[in-house]
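Heads up, the thing below is written out as structure tokens.
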Amino acid sequence: MTTLSRPRTDRVIAGVCAAIARRFGWKVTAVRMLTALSILLPGPQVVAYIVLWVLIPSDSDVVRVG
């Protein structure tokens, strides 16, 4: 597993789905589709996405050690 950070490339909106997919080794398309489908359900999904956008650092902000 890699560190959780939003990639500079492969972003659609903010790179949150790409960061989650890369961190857990999932396909980014699957994460994006699940996110889009979850938006149709009632709940705080949009708020959670915005919070993750703020909390997950961008690749340029992450210091890699090793």
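Heavy atoms only: backbone and side chains are in, while hydrogens, waters and symmetry mates are out. None of the values given here were measured: they were computed from a predicted structure.
Follow the hydrophobic side-chain contacts under 4.5 Å out from Trp26 and you reach Ile56 in the same cluster. Clustering ILVMFWY residues whenever any of their side-chain heavy atoms sit less than 4.5 angstrom apart, transitively, puts Leu52 in the very cluster that holds Val31. Note on Trp53: it does not cluster hydrophobically with Leu34, by side-chain heavy-atom contacts below 4.5 Å among ILVMFWY residues. There is no path of hydrophobic side-chain contacts, each under 4.5 Å, that joins Val47 to Ile13. Under the 4.5 Å side-chain heavy-atom criterion for grouping Ile, Leu, Val, Met, Phe, Trp and Tyr, Val12 is connected to Ile20 within one hydrophobic cluster.
A pairwise comparison of heavy atoms in Gly15 and Tyr49 identifies N-OH, 4.1 Å as the closest pair. Nearest approach of Arg32 to Asp10, heavy atoms of both residues: NH2-O, 2.7 Å. When all heavy atoms of Ala19 and Pro7 are compared, the pair lying nearest together is N-CD, 3.9 Å. Among all heavy-atom pairs drawn from Arg6 and Ala14, the shortest one is NH1-O, 2.9 Å.
For the side chain to side chain contact (heavy atoms under 4.5 Å, CB included) with Val46, the qualifying choice from Ile39, Val51, Thr35 is Ile39, the only one to do so.
Ion pair Arg11/Asp59 not flagged as a salt bridge, since none of the NZ, NE, NH1 or NH2 atoms sits closer than 4.0 Å to an Asp/Glu carboxylate oxygen.
Judged by distance alone, with hydrogens and angles left aside, the side-chain atoms of Gln45 form a donor-acceptor pair with the main-chain N or O of Ser38 at under 3.5 Å.
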Does the pair Ser5 and Arg23 meet the rule for a side-chain hydrogen bond (donor to acceptor under 3.5 Å, both in side chains), with working shown?
-> CA-CA 8 Å; Ser5 62; Arg23 171 69 169 93; over 6 Å; no

